[in-house]
2 protein chains.
Amino acid sequence: MQTLERSGGGMSERRRVRLRLEISREAARLFWEQGVAATSGDQIAEAVGLSTRTIWRHFRSKESCAEPIVLQAVVNLLTVLRSWPRQSSLEEHLAVELDRFRHEAPPVDLADEMLAMRMIRLADTEPALRTAWLMACDQAERAMRLIIADRLDRPADDLEVRMHAEAAAAVVRVLDEHIGATVLTGADLAELTGATAVARRYAHAIRTATGGVVGDPVA
Amino acid sequence: MQTLERSGGGMSERRRVRLRLEISREAARLFWEQGVAATSGDQIAEAVGLSTRTIWRHFRSKESCAEPIVLQAVVNLLTVLRSWPRQSSLEEHLAVELDRFRHEAPPVDLADEMLAMRMIRLADTEPALRTAWLMACDQAERAMRLIIADRLDRPADDLEVRMHAEAAAAVVRVLDEHIGATVLTGADLAELTGATAVARRYAHAIRTATGGVVGDPVA
DNA sequence: GCATAATGCGTCACTTAGTGACATGCTGTC
DNA sequence: GACAGCATGTCACTAAGTGACGCATTATGC
């Protein structure tokens, strides 16, 4: 079944990730349908066809079952940012990359993205889930730190770099929450049609949050 | 004992807050001394001299016991910001207010501040505590939103306002973490002596993170 | 000053999240 | 085809957290 995933020593790693995602999907679905408190570990286990014990082997807590699916929501932008060449501006790069998705590779499954948005939405009222969302953003911030450090030719643990990264991650979080909420209500999709429009919003937000330091091409 | 706290209808509210803080102190101490996992609800209850059941009546979870003490760490700056008059710049206001603390009112107990810094430090390695810290920052962000909304004469749920608030809260968080870590190591206290120096750092960070929108006096 | 209601707390029984220990079964290796 | 390794299942257990009830302290009405 997973003979393809055999490549060197890190064989089981991919399988692990895939399984976690699988569990996360079912958990997220149940959380959305009946609430977090009303969803038991046993239910999740049954939904995914595993024993309860195995669930706890893959996740340290019930709420953390939502993490992988939520993390996918930010991983998209992050991979795009990681490939940001030094000679192009943030606006250019985002516009090009986001547009590429339109024709080419669907970055993550649409159903997964919907699930993620629902979890982010739930995080508003369910403090347990808020943690998962904040953890995902925490991951995003870490990645952001590396990207910005590289851009500014500074060490990643530099205080300025950290502040820029946190600020950038924060505004991205707000935009994601906003977009998620908008999509879920169904109305007003017009404002986010067009890759360039979205790109411009993200770019402008990051540029502003970093005081204009992150955004321009660098030598 | 608490006859003084009688003032209007919201009597028990203050008592609740004080009790929560009391519990939080003991919990934080135990968390620091022996780790979160090794500290049981029973231990906290015994340390504060209450029954375990009562602990759960005041806190929804073990980790959340750390929240009040951590929240104190941000409440300081927040109250200062709330009193920011429209006609003064951020730098001025912070410098004046922080300097006032030096001679006048110790805003929160020093021991409490130390405890808070330890919790923030612990949050680095203990994911359970990270939640408490992020929740406190979340509160901070909410307050920040109101302050910025007022400054910019815009509604508090405006997207721009939210982004500025989150970004500002984020950099404050980084600074707090940094200062906390510095204080705990004991070394290098020189860099944070002087209220005006600290004021300048916070002011500059917030100003930058909001793209310069928040910081100047407004008409 | 005393009866009464309200509220906070303790006790006990209970549910459920999460772990440890051991058995089993599947997968790839020699 | 025996064997090592690893993921999973089963069972027993700890600890987090809740519900229900009873008791004491405190505020309120007279």
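Atoms considered below: every heavy atom in the structure, side chains included; atoms not considered: hydrogens, waters and symmetry mates. All figures in this text were calculated on a predicted structure; none of them were measured in a lab.
- The base of C:dG20 is not paired with the side chain of A:Arg57 by any donor and acceptor separated by under 3.5 Å.
- Between the CG atom of B:Leu19 and the C1' atom of C:dC9 there is a distance of 11 Å, rounded to whole Å.
- Between A:His58 and B:Arg53, the residue anchored closer to the 5' end of DNA chain D is A:His58, taking for each the nucleotide with the nearest heavy atom.
- A heavy-atom distance below 4.0 Å to DNA chain C is reached by none of the residues of residues 20-36 of chain A.
- Residue B:His58 places its NE2 atom among more than 12 non-hydrogen atoms of other residues, nucleotides or ligands, all under 6.0 Å distant.
- As rounded to whole Å, 16 Å separates atom C1' of D:dA16 from atom CZ of A:Arg60.
- Atom CD of B:Glu46 is surrounded by 12 or fewer heavy atoms from other residues, nucleotides or ligands within 6.0 Å.
- In the set C:dT11, D:dA16, C:dG8, D:dA16 carries the atom at the smallest distance from any side-chain atom of B:Trp56.
- Checking B:Asp176, B:Val80, B:Leu90 one by one against B:Tyr202, the side chain to side chain contact (heavy atoms under 4.5 Å, CB included) holds for a single residue, B:Asp176.
- Closest non-hydrogen pair, A:Trp32 versus A:Arg121, comes out as CZ3-CG, 4.1 Å.
- Rounded to an integer number of Å, the gap from CZ of B:Arg15 to C1' of D:dT25 is 10 Å.
- Between the P atom of C:dG18 and the NZ atom of A:Lys62 lies a distance of 8 Å, rounded to the nearest Å.
- Taking a 4.0 Å limit (strictly below) on heavy-atom distances, residues 40-52 of chain A reaches DNA chain C at A:Ser40, A:Gly41.
- Around atom CD of A:Gln43, more than 12 heavy atoms belonging to other residues, nucleotides or ligands sit under 6.0 Å away.
- Look at A:Arg145 and A:Asp157 and you find no salt bridge, because none of the NZ, NE, NH1 or NH2 atoms lies under 4.0 Å from a carboxylate O.
- Minimum atom distance to the side chain of A:Ser61 is reached by C:dG18, of the listed C:dG18, C:dG10, D:dA16.
- With respect to A:Arg162 and A:Glu166, a salt bridge is recorded, a charged nitrogen being found less than 4.0 Å from a carboxylate O.
- Between B:Ile206 atom CD1 and A:Met163 atom CE the span is 10.5 Å, to the nearest 0.5 Å.
- Taking a cutoff of 4.0 Å between a charged side-chain nitrogen and a carboxylate oxygen, B:Glu67 and B:Arg60 qualify as a salt bridge.
- Between the C1' atom of C:dT16 and the CD atom of A:Glu63 lies a distance of 13 Å, rounded to the nearest Å.
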